[in-house]
Amino acid sequence: MSVKRPKGTQDFLPAGSPGFSPEFGASNLNFLTATAQQVLERAGAKLIFTPVFEEAELVKRGVGDSTDIVRKEQFTVSHHGDHGGYILRPEGTASLMRAYMENGLKQLPLPLKLWTHGPMFRAERHQKGRYRQFHQLDYEIIGSDAALVDAEAIALMWNVIEALGLKHARIKLGSIGDAADRERYNAYLRERFTPLYDQLSPDSQDRLTRNPMRILDSKAPVDQELIADMNIQPMLDFLGEEAAAHFAEVQRTLHAWGIPFDIDPTIVRGLDYYRRTAWELHHEGVGAKSALGGGGRYDGLAQALGAKDPIPGIGWALGVERLLIAMQDEGLTFPAPPRPALFLAALDADQLAVTAELALGLRHLAQVEFAYRPLKMKQIFSEAERRNAVWVGFLGSDEAASQTVSLKNLDTGEQRVVAQAALADVL
RNA sequence: GUGGGUUUAGCUCAGCAGGUUAGAGCGCCGCUCUGUGGAAGCGGAGGCCGUGGGUUCAAAUCCCAUAAUCCACCCCA
């Protein structure tokens, strides 16, 4: 075995495969998207799909070229050896806003709710819940800056979690204010930490220039001890009047709707276009960073992509693999893939053609499989069981002569002989 | 990019004071078994022990490198 799947990727296998891991069964992906679809489409979200590769410029401008994603995690797409200026998308929001702007979607009733799902790509060293190709469920609502829209977006994310049966997820809610608020806060943090530069961990020394807010949730013990003694004001103290009112209304609405959340003043966004409301969904089972997903308002995105006027928007993404790991961690079971209603086999070569014809004729009704060569009685039952069929049916010379099929229900043991023409009634 | 663990059959793993044809369980294929199931017994296929060097009379076993994998840091979903 010399050819392997690319580093940091994984195969989602059919149940029963050797080496099958229950949380990454192929049918689990369908289950998650179907669950999200029900929740989101009942709220009026429209399904949309965009390419998995985009112009590098979109990601650079939409995600921010100071972020790790752009600095070191991009997969570039080349064509005939020439770099085509494309990269595999690392996230979905910029693509959806691009599609909104490019295709005149503002003609649809606004604000427009969109949802999508699919693979994303980041060239990272992978670890638990973190892969180079991973999947996201994505919801965005474009065209309104109302706090009610923020609250609904958070509620919908929570509804998806509830629909999946997860009990131990927690929403951490914060606000990063408007652009000016964040600038003032970053200036404040630099002012406080710069005199203590030598006492910071090396990582935080770097953060001080790139993203001071990250220092506050540093895991390094030296940082934590330092911060504990400094009496640092939280970001929320720096919110402007409008941002503060907006944040208060989001909280009030979530309370009214019974959506549980904790205020977390350390919430930071790695992507540059976020404004005001930001939140993360955490779960202890998924590994080091424990985030199942995150969301935020991105009123600055459209203009970063070249729009003349601002287009407000807010959205979230859930990591599919992380949801699956969390479900596994909580002991939730995944729906079993569909099982055959009937497995048909012939005892002799003479009846083989009949079993095949019968099987094909029944497939508009149910999942029906058949054997491609005559089998012995033991084999017929064994093969039917391996496929987890509900009914096993077989034809020998007797059945062929009388145009019947002998049936046995593998769950109940019920046994009967029916006319071939009446097989459909049994299923 | 940094640090640590792991890498032997399809799967899970044993073997590693270096010693001659490399093992188990499960799975797979066949037979016992020529009309009614999950069993049992017997038999069989399947590994140049991740890869490349080195030490040695001799390497799955010791050393070096490299890759993959898992976990953590950074960062993110």
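This is a predicted model, so every value here is computed, not measured. Naming: A, B, ... by sequence-line order, numbering from 1 per chain.
You'll find a donor-acceptor pair under 3.5 Å spanning the side chain of A/K408 and the base of B/G37, going by distance alone. One N or O donor and one acceptor, one from the side chain of A/E399 and one from the base of B/G35, sit under 3.5 Å apart. At a cut-off of 3.5 angstrom, counting only N and O atoms as typed in the model, there is no donor on one side facing an acceptor on the other between the side-chain of A/R386 and the base of B/G38.
At the heavy-atom level, A/G396 lies under 4.0 Å from base atoms of the strands shown. Among the atoms of the strands shown, none is found under 4.0 Å from any heavy atom of A/F20. Residue-level contact check: A/G8 touches the backbone only, with heavy atoms under 4.0 Å from sugar-phosphate atoms and none from bases. Nucleic acid contact for A/D206: none, since no nucleic acid atom lies under 4.0 Å from a heavy atom of the residue. Within the 4.0 angstrom heavy-atom criterion, no nucleotide atom of any strand lies near A/S17. At a threshold of 4.0 angstrom between heavy atoms, the contacts of A/E321 with the nucleic acid are absent. A/R5 comes within 4.0 angstrom of nothing in the nucleic acid, heavy atoms only. Using a 4.0 Å heavy-atom cutoff across all strands shown, A/L323 reaches no nucleic acid atom at all.
Closest approach to the A/M377 side chain among B/G37, B/A77, B/U36 is made by B/U36 (side chain taken as heavy atoms from C-beta onward). Residue A/K7 has its side chain nearest to B/U69 when only B/U69, B/A77, B/U36 are considered.
B/A68 atom C1' lies 17 Å from atom CD of A/Q127, rounded to whole Å. One interatomic measurement links the two molecules: NZ of A/K128 to P of B/U69, which rounds to 18 Å at whole-angstrom precision. Distance, A/W279 CH2 to B/A77 P: 12 Å, rounded to whole Å. Distance CG (A/D203) to C1' (B/G1): 11 Å, rounded to an integer number of Å. If you measure from atom CD of A/E383 to atom P of B/G38, you get 13 Å, rounded to the nearest angstrom. The separation between A/F134 atom CZ and B/C75 atom C1' is 12 Å, rounded to whole Å. The distance from atom CD of A/Q133 to atom C1' of B/A77 is 14 Å, rounded to the nearest whole Å.
When each of A/T9 and A/Y131 is assigned the nucleotide of RNA chain B bearing its nearest heavy atom, the one mapping closer to the 5' terminus is A/T9. Nearest-nucleotide mapping onto RNA chain B: of A/Q379 and A/N388, the residue sitting toward the 5' end is A/Q379.
The pair A/E369-A/R387 counts as a salt bridge, with a side-chain nitrogen and a carboxylate oxygen less than 4.0 angstrom apart.
More than 12 heavy atoms of other residues, nucleotides or ligands lie within 6.0 Å of CD in A/E162, so this atom counts as buried by the packing criterion.
Results of the salt bridge (Lys or Arg N to Asp or Glu O under 4.0 Å) test with A/K113 over A/E41, A/E140, A/E152 single out A/E152 as the only residue that passes.
Under the 6.0 Å cut-off for aromatic ring centres, A/Y188 and A/F238 qualify, their centroids lying closer than that. Taking the six-membered ring wherever Trp is involved, the centroid distance between the rings of A/F12 and A/H135 falls below 6.0 Å. For A/Y139 and A/W316, the distance between ring centers is under 6.0 angstrom.
Remark: ring of A/F394 does not overlap the six-membered base ring of B/G35 in a stacked fashion, as centroids less than 5.5 Å apart with planes less than 30° apart are not both met.
B/G19 and B/C75 have their P atoms separated by 48 Å, with the value rounded to a whole Å. Remark: the separation of the C1' atoms in B/G50 and B/A9 is 14 Å, to the nearest Å. Rounded to the nearest Å, the gap between the P atom of B/U36 and that of B/G27 is 24 Å. Across the P atoms, B/U7 and B/G54 are found 24 Å apart, a figure rounded to whole Å. Nucleotides B/U56 and B/U20 have their C1' atoms positioned 15 Å apart, rounded to a whole Å.
In this model, the phosphate group of B/G35 is not approached by any side-chain N or O of A/K376 to a distance below 4.0 Å at OP1 or OP2. For B/U69, the OP1/OP2 oxygens have no side-chain nitrogen or oxygen of A/R125 closer than 4.0 Å. Contact annotation: A/K378 reaches the phosphate of B/G37 (side-chain N/O to OP1 or OP2, under 4.0 Å).
Pair assignment for B/U51 gives B/A65, based on Watson-Crick or G-U wobble hydrogen-bonding distances that are each under 3.5 Å.
Separating the CG atom in A/L301 from the CZ atom in A/R61 is a distance of 10.5 Å, to the nearest 0.5 Å.
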